[in-house]
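Lettering of chains follows the sequences in order, A, B, ..., and the numbering in each one begins at 1. Treat the numbers as computed from the prediction; the structure is a model and nothing was measured.
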Amino acid sequence: MRQLLTSVAVPVPLYRHFDYRVVAGQAAQLRPGLRVRVPFGRRQLTGVVVRAPFEAPDDGQDYRPLGAVLDEAPLLDPDLLGLCEWAAEYYRHPLGEVIAAALPGSLKHEGRAELHLPQQWQLTAAGREALAALPERHRAQRAALEALRSRALPSADWSAAAAMRARLGARGWVECRAVDTQAAPCAAAPTLTAAQARALAELECGGEAGFRVSLLEGVTGSGKTELYLRRIEAMLAQGRQALVLVPEISLTPQLTERLRERLGPRVLSFHSGMSEGEREQAWLAARAGVAPVIVGTRSAVFVPFARLGLIIVDEEHDPSYKQQDGFRYSARDLAIVRARRLQAEVILGSATPSLESLHNARSGRYRAVRLRERVHAQPPPRIGLLDVRGQALAHGLSPALLGALDACLERGEQALLFINRRGYAPMLLCHACGWRAACTACDARLTLHRGRGRLICHHCGAQQSVPKVCPSCGQSELMPLGQGTERIEQALANRYPRKRIERLDSDRLGKRHELERLLADVRAQTIDVLVGTQILAKGHDFPNLSLVGIVSADQALYGADFRAIERMGQLVTQVAGRAGRAGQAGEVWLQTHEPQHPLLRTLVERGYDALADALLEERAMARLPPYAHLALLRAESEDAALPLRFLRGARALYAPFTDVQAMEPIPSGMERRAGYTRAQLLLQADSRAALQRALAATVPRLGELPESRRVRWSVDVDPADLF
DNA sequence: AGCACGCCGACT
DNA sequence: GTCGGCGTGCTC
């Protein structure tokens with residue numbers, strides 16, 4: 001007796017698929033990529049067919065019948081399904097869960113895949129009149145209308161609330177229409193500088209199509225975006241589509257807007273700040289070929305395209321491209337894999353490329369394209385080191401830095417201070433007895449947030465009010481130690497009472513449109529000093545800064561993580577790149593207690609590339625990426641003894657793999673976090689293939705270890721950091 | 001992951 | 001006497 005079966009990937013954390021009996025009449029439409037409902041244990045799940053129906057001998061197993069078929073045509077085309085399969089293999093994550101991560105919103109479940117043509121809101125003639133006539137006090141309405149004044153906006157990008165949309169619509173002031181995705185009311189392209197033209201010619205590769213990766217290394221302000229635009233235009237002209245990845249949600253509106261000016265309303269965004277419905281529609285629009293360009297964050301690498309020809313990864317070095325929990329993929333790396341499968345083109349753009357990409361460019365695997373000059377001919381900023389040893393610091397600021405700031409503000413110019421730590425101070429100390437405010441759930445100090453009057457753990461989010469007296473000795477000698485953005489902001493506000501000081505960190509960005517507001521004010525020059533965290537380093541444009549101060553970057557020099565200095569170099573270079581105005585170099589000062597540190601000196605004297613060279617040499621010696629390949633097994637449990645015991649068991653599985661080093665399991669950098677004790681096991685191999693072989697054979701068996709039930713464990717292939 | 005089954009503690 | 005704790009087994 002033979003039977004007809006089909007294999008289905010189900011969203012469960014199991015390293016296998018499940019076979020179902022094909023019901024009469026279903027066989028014809030069952031193809032890989034199709035969504036189906038399946039009985040699974042006592043529940044019904046939505047899975048995806050991964051193997052077309054096949055005849056199998058009756059092996060005595062009782063297969064359950066397939067349920068409803070949810071799509072007429074496979075929702076996942078071969079490109080996307082193939083990418084998911086590749087990613088599941090490479091990152092050792094169950095395929096069903098990978099697919100679930102690739103599907104937006106309700107398509108994960110039973111939602112119908114129905115594309116409504118993308119809609120956009122626009123002002124009507126009546127709306128235009130109303131905007132002119134509307135009294136000043138109707139601020140919300142004015143703002144909502146104002147946003148549409150110069151152009152129509154896709155539903156996802158118009159900030160007005162649903163109630164507001166309805167009200168304005170009812171008055172006939174705005175209307176919602178399908179986007180004309182063919183229309184391209186384009187702004188004219190600017191003339192390229194000679195350097196840009198040269199770089200573009202290299203990117204074009206003589207017009208040859210096919211898979212290639214270009215690393216576009218261009219300093220801040222060198223005009224990378226214009227080159228992205230030119231390549232996108234070329235793709236669109238060939239009827240192909242483009243995907244643009246950005247590291248952060250906050251960068252999507254800016255870039256989307258810039259692309260839309262030139263390419264018209266055909267540019268859609270895709271990120272987790274959008275509603276499920278909006279994301280689903282953008283996903284379907286790209287799949288149908290209706291949206292020629294998608295700008296999105298990490299997860300957009302899984303958006304299907306009918307005719308994808310180009311993937312741009314902007315700020316490719318940014319660690320946000322690596323997902324840090326669950327399915328730990330790198331969107332940048334998957335973009336390259338996807339392009340290779342599709343014979344498409346990739347452009348990795350950065351002023352400070354990752355060591356991996358630099359290595360690939362130098363070894364000829366990627367085409368190296370450089371843009372050395374800034375468009376407005378500013379000389380590149382030079383970073384000056386300020387030796388703060390023995391200096392009297394006021395809230396962490398040295399007399400020299402304050403002097404430079406005085407002079408800058410005296411001239412009426414703008415300054416930026418970078419400190420990669422939010423809150424007021426990273427520690428609250430009792431001067432009388434030495435007590436420190438610590439988190440009860442983590443091995444960490446609590447950060448003082450003075451504005452909110454709270455002590456907050458930055459690792460688990462736990463909060464408490466600030467004690468008036470020391471909880472340990474009762475004396476009132478509690479003092480904040482160290483500094484964060486809030487403290488610098490306050491110190492400057494006290495020092496310059498007539499200047500406008502603003503802070504830019506994730507605490508402030510909680511409010512919607514706060515970032516746009518602040519950036520607009522910086523551009524309008526109504527802000528004199530901007531104090532902020534690494535958000536400042538992420539590609540936002542500050543056109544008029546004449547001074548950049550880096551309060552400290554020393555932390556990275558003592559950091560245990562092998563990428564800490566690379567990150568520091570990227571941050572410092574990116575922040576420093578904000579300095580300078582048309583035709584004028586900015587001033588950049590970096591405070592340090594380690595003015596002799598050779599890598600720090602390399603960075604400030606010879607620049608990021610020289611630092612990268614030095615770091616690459618170190619990596620080669622230490623057999624670290626990109627010269628070797630790593631994977632990290634992590635385990636955590638409320639029972640402090642279990643993670644190490646589990647990992648010791650896991651380590652034994654690697655004994656047969658002589659080409660892979662399985663290190664002794666060790667407690668994680670912060671051993672206790674959110675009530676869990678954490679440990680990790682590092683795997684190191686000279687070849688990716690060797691590492692993959694070992695992982696393939698061992699990861700599916702980790703669940704069989706006796707402790708596996710009571711620890712949460714995960715595999716991290718190409719870990720971003722070893723904590 | 002969910003969900004059920006199963007075998008020991010403090011209570012409507 | 002039950003309600004429910006979470007160990008452990010299983011999902012085509």
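One cannot find a donor-acceptor pair under 3.5 Å joining the base of C:dC12 and the side-chain atoms of A:R21.
By the 6.0 Å and 45° rule, A:R307 does not stack over the aromatic ring of A:F305.
A distance of 8.5 Å separates CG of A:D721 from CZ of A:F562, quoted to the nearest 0.5 Å. Rounding to the nearest 0.5 angstrom, the gap separating the CZ atom in A:R678 from the CZ atom in A:F723 is 9.5 Å.
Looking at heavy-atom distances under 4.0 Å, A:L14 makes contact with a base. At a threshold of 4.0 angstrom between heavy atoms, the contacts of A:P11 with the nucleic acid are absent. The residue A:R709 sits close to a base: some heavy atom pair falls under 4.0 Å. Within the nucleic acid shown, A:R710 has no heavy atom closer than 4.0 Å to any nucleic acid atom.
If you take CG of A:L45 and P of B:dG2, they are 9 Å apart, rounded to a whole angstrom. In this structure, the CZ atom of A:R42 is 16 Å from the P atom of C:dG9, given to the nearest Å. One can place CG of A:L95 at 16 Å from C1' of B:dA1, the figure rounded to the nearest angstrom. Straight-line distance from the CD atom of A:E97 to the C1' atom of B:dG2: 12 Å, rounded to whole Å. Distance A:E707 CD to C:dT8 P: 11 Å, rounded to the nearest Å. Between the C1' atom of B:dG2 and the CZ atom of A:F40 lies a distance of 9 Å, rounded to the nearest Å. Rounded to a whole Å, the CG atom of A:L4 is 18 Å from the P atom of C:dC12. Atom OH in A:Y20 sits roughly 5 Å away from atom C1' in C:dC12 (whole-Å rounding).
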> Given the rule in the side-chain contact (heavy atoms from CB on, under 4.5 Å) test, do A:R619 and A:R563 qualify, once you have shown the distances and angles that lead to the verdict?
Replying inline: CA-CA 10 Å; A:R619 299 270 183 96; A:R563 278 186 234 265; 3.5 Å; yes
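Relative ring orientation between A:Y654 and A:F657 is described as tilted, the plane-to-plane angle lying within the 30° to 60° band. Between A:F18 and A:F40, the ring planes lie perpendicular to each other; the angle is over 60°, past the 30° to 60° tilted range.
Of all the residues in residues 55-67 of chain A, A:Q61, A:Y63, A:R64 reach under 4.0 Å from DNA chain C with at least one non-hydrogen atom.
Each of A:Q323, A:R634, A:Q324 was compared with A:D716 under the side-chain hydrogen bond (donor to acceptor under 3.5 Å, both in side chains) criterion, and only A:R634 meets it.
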